[in-house]
Engineer: 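Below are the structure tokens for one structure; questions will follow.
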Amino acid sequence: MQWLDVIAQDPVPWLLDPENPSVRLLTLRHIFGKPEEALAAERARLLDWKPIQSLRYHWNAVNFWGRAHDPYYGGAMGNFGTLYTLTQWGVPKFPEVEPACENLLTRGRSSDGRFSPGESLAAPWLCYTGIALQIMSHFNLSNDLRGRSAKASLIQAILLRPELLNCPVAGGPCRAGLVKALGALVNIPPSERSSEEDEAIDVLCERLLNAPYDFEGQNAEWLMLGTPRYYDADLLELCYVIAQTPYRSHHRFHDLLGHLIDLQTPMGRWRKRRSTPAYSDERLSHPSRWLTFEATHTLMLVYGGNTYAS
């Protein structure tokens, strides 16, 4: 079985439409396997895209996109949320990003090194740390000592202090936070991972796959796919991060993947079903190029048969 056997229609030509230069760039990078030096024109086109130009227009030198004293102010529309949106869209670094990242590294960390909107141990931190590490990786700041300290705190919590993975807001285990943390760790190239990082990925995958999912009841919102995301997660994000690990062959993962496959339209596309406060020109209940790219890449990683890469 190959990926085309489980999808209604090949969506890749639709993903290449220059109407959305973000998805086009992501498709050329991850599905076609184009090297970065061959994508310079696509990156430039993305920076000229109206949504990015609008973000740059609304940036200011004092508070960036929110409040300098609090990177988390404004939620998905503030500094932290905007950096995460840019990360999800694959937008390359531009001058306005650098001070916002420095502000996050300086003002967004608690005294123990984790990224959190509060100093208290009761403050949520897992999802924020996972997101922040994804931002740092995307903008080539993974080697910054402050980011490395946060990653070390995350690994320690996963391997040695699992009680810290509980979220005070969720009142216990937080699967969305686990997804964000796993998304950060799979960004590390396998050849560069330490044994502790590999072990942490195993722990996160096992926790996520062993968790109960009631998609017809209390977990129905996981089937409501949305983009760009913030601290929430959905079934597609869950499947996408696990598909980048050896756990893509796990039988429990294939149960989850079956639910994702069932969400496609007759044209092999995935609809945006959850509204998000951050900018998106995609309409609710309509097919989303971002979501369809993630779903298509997931299926290629799991089932193989990606002839575009050749």
Side-chain angles (χ1 to χ4, degrees), residues 62-88 97-188 193-194 196-197 199-201 203-204 207-208 228-233 237 241 277-278:
V62 177
N63 288 307
F64 322 121
W65 293 285
R67 295 289 185 272
H69 71 274
D70 179 6
Y72 305 104
Y73 176 90
M77 302 294 287
N79 292 327
F80 184 69
T82 298
L83 289 174
Y84 187 36
T85 294
L86 295 172
T87 296
Q88 294 172 79
V97 163
E98 296 192 30
C101 284
E102 178 62 27
N103 177 256
L104 175 60
L105 285 164
T106 303
R107 298 286 187 91
R109 295 164 60 248
S110 58
S111 56
D112 62 5
R114 298 178 296 179
F115 287 89
S116 172
E119 277 287 343
S120 168
L121 287 176
W125 70 276
L126 183 59
C127 57
Y128 290 100
T129 299
I131 290 171
L133 291 175
Q134 291 181 49
I135 293 169
M136 295 301 112
S137 174
H138 176 69
F139 290 118
N140 299 317
L141 294 168
S142 296
N143 288 326
D144 187 285
L145 290 177
R146 294 163 292 184
R148 289 167 61 184
S149 170
K151 184 174 68 173
S153 295
L154 175 64
I155 298 297
Q156 182 181 49
I158 294 169
L159 299 182
L160 302 176
R161 299 195 63 189
E163 72 278 4
L164 293 180
L165 302 181
N166 292 333
C167 176
V169 176
C174 178
R175 280 167 290 195
L178 298 176
V179 169
K180 303 300 181 184
L182 181 57
L185 296 182
V186 298
N187 276 340
I188 306 170
R193 289 179 198 152
S194 67
E196 290 81 8
E197 289 164 348
E199 186 180 354
I201 288 175
V203 170
L204 293 175
R207 275 179 166 253
L208 286 166
R229 303 180 182 95
Y230 192 44
Y231 53 71
D232 54 336
E237 186 179 11
V241 293

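Values in this document were obtained by computation on a predicted structure and should not be read as measured data. Numbering of residues begins at 1 and proceeds along the displayed sequence.
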Engineer: For residues Lys151 and Glu197, determine if any side-chain heavy atom of one lies less than 4.5 Å from a side-chain heavy atom of the other.
Structural biologist: yes
Engineer: Given side chains that start at C-beta, do those of Arg114 and Leu154 come closer than 4.5 Å, heavy atoms only?
Structural biologist: no
Engineer: Under the side-chain contact (heavy atoms from CB on, under 4.5 Å) rule, collect the residues that match up with Pro99, sequence neighbours excluded.
Structural biologist: Trp59, Phe64
Engineer: Working to the nearest 0.5 angstrom, can you tell me the gap between Gln156 CD and Arg161 CZ?
Structural biologist: 7.5 Å
Engineer: For Ser142 and Arg148, work out which heavy atoms get closest and say how close.
Structural biologist: O-CG, 3.3 Å
Engineer: Report yes if the side chains of Leu141 and Cys101 come closer than 4.5 Å at any heavy-atom pair, otherwise no.
Structural biologist: yes
Engineer: Should the pair Tyr231 and Tyr128 be assigned to parallel (<30°), tilted (30 to 60°) or perpendicular (>60°) ring geometry?
Structural biologist: tilted
Engineer: Report yes or no: does Ser153 contribute a side-chain atom to a donor-acceptor pair with the main-chain N or O of Asp112 at less than 3.5 Å?
Structural biologist: yes
Engineer: CD1/Ile135 to CD/Gln88 distance, rounded to the nearest 0.5 angstrom?
Structural biologist: 9.0 Å
Engineer: Assess the residue pair Phe80 and Phe115 against the criterion (ring-ring contact (aromatic ring centres under 6.0 Å, His included)); give the C-alpha distance rounded to whole Å, side-chain angles, the decisive distance to 0.1 Å, and a yes or no.
Structural biologist: CA-CA 11 Å; Phe80 184 69; Phe115 287 89; 7.6 Å; no
Engineer: Using atom types as modelled and distance alone, determine if a side-chain donor or acceptor of Thr85 lies under 3.5 Å from a backbone N or O of Gly81.
Structural biologist: yes
Engineer: Measuring from Leu160:CG to Glu196:CD, what's the distance to the nearest 0.5 Å?
Structural biologist: 9.5 Å
Engineer: Where do Ile158 and Leu185 land on the side-chain contact (heavy atoms from CB on, under 4.5 Å) test, with the steps shown first?
Structural biologist: CA-CA 12 Å; Ile158 294 169; Leu185 296 182; 4.2 Å; yes
Engineer: For Ser137, run the side chain to side chain contact (heavy atoms under 4.5 Å, CB included) check against Thr87, Asn187, Val186, Ile188 and tell me which one passes.
Structural biologist: Asn187
Engineer: Please tell me if the side chains of Phe139 and Leu83 come closer than 4.5 Å, counting only heavy atoms from C-beta onward.
Structural biologist: yes
Engineer: Give a yes or no answer on whether the side chain of Trp125 reaches the backbone of Leu164 with a donor-acceptor pair at less than 3.5 Å.
Structural biologist: yes
Engineer: Testing the basics here: between Ala68 and Asn103, what is the closest heavy-atom pair and its distance to 0.1 Å?
Structural biologist: O-ND2, 2.8 Å
Engineer: So which atom in Leu126 and which in Cys174 form the shortest heavy-atom distance, rounded to 0.1 Å?
Structural biologist: CD2-O, 4.4 Å
Engineer: In Å, rounded to the nearest 0.5 Å, how long is the span from CD of Glu102 to CG of Asp144?
Structural biologist: 7.0 Å
Engineer: Applying side chain to side chain donor-acceptor pair (under 3.5 Å), name anything that partners Lys180, two or more places apart in sequence or on another chain.
Structural biologist: Tyr84, Glu237
Engineer: Tell me whether Glu199 is salt-bridged to Arg193, with the criterion being a basic N under 4.0 Å from an acidic carboxylate O.
Structural biologist: no
Engineer: Is there side-chain contact between Leu165 and Leu178, with heavy atoms separated by less than 4.5 Å?
Structural biologist: yes
Engineer: Rounded to the nearest 0.5 Å, what separation is found between the CZ atom of Arg107 and the CG atom of Asp70?
Structural biologist: 9.5 Å
Engineer: Quick one: closest heavy-atom pair of Pro173 and Asn166, and the distance?
Structural biologist: N-OD1, 3.3 Å
Engineer: Would you say the side-chain atoms of Asn79 pair up with the backbone N or O of Asn63, donor to acceptor, closer than 3.5 Å?
Structural biologist: yes
Engineer: What distance separates Gln134 CD from Leu182 CG, expressed to the nearest 0.5 Å?
Structural biologist: 9.0 Å
Engineer: Heavy atoms only: give me the nearest Pro124-Cys167 pair and the separation to one decimal.
Structural biologist: CB-SG, 4.2 Å
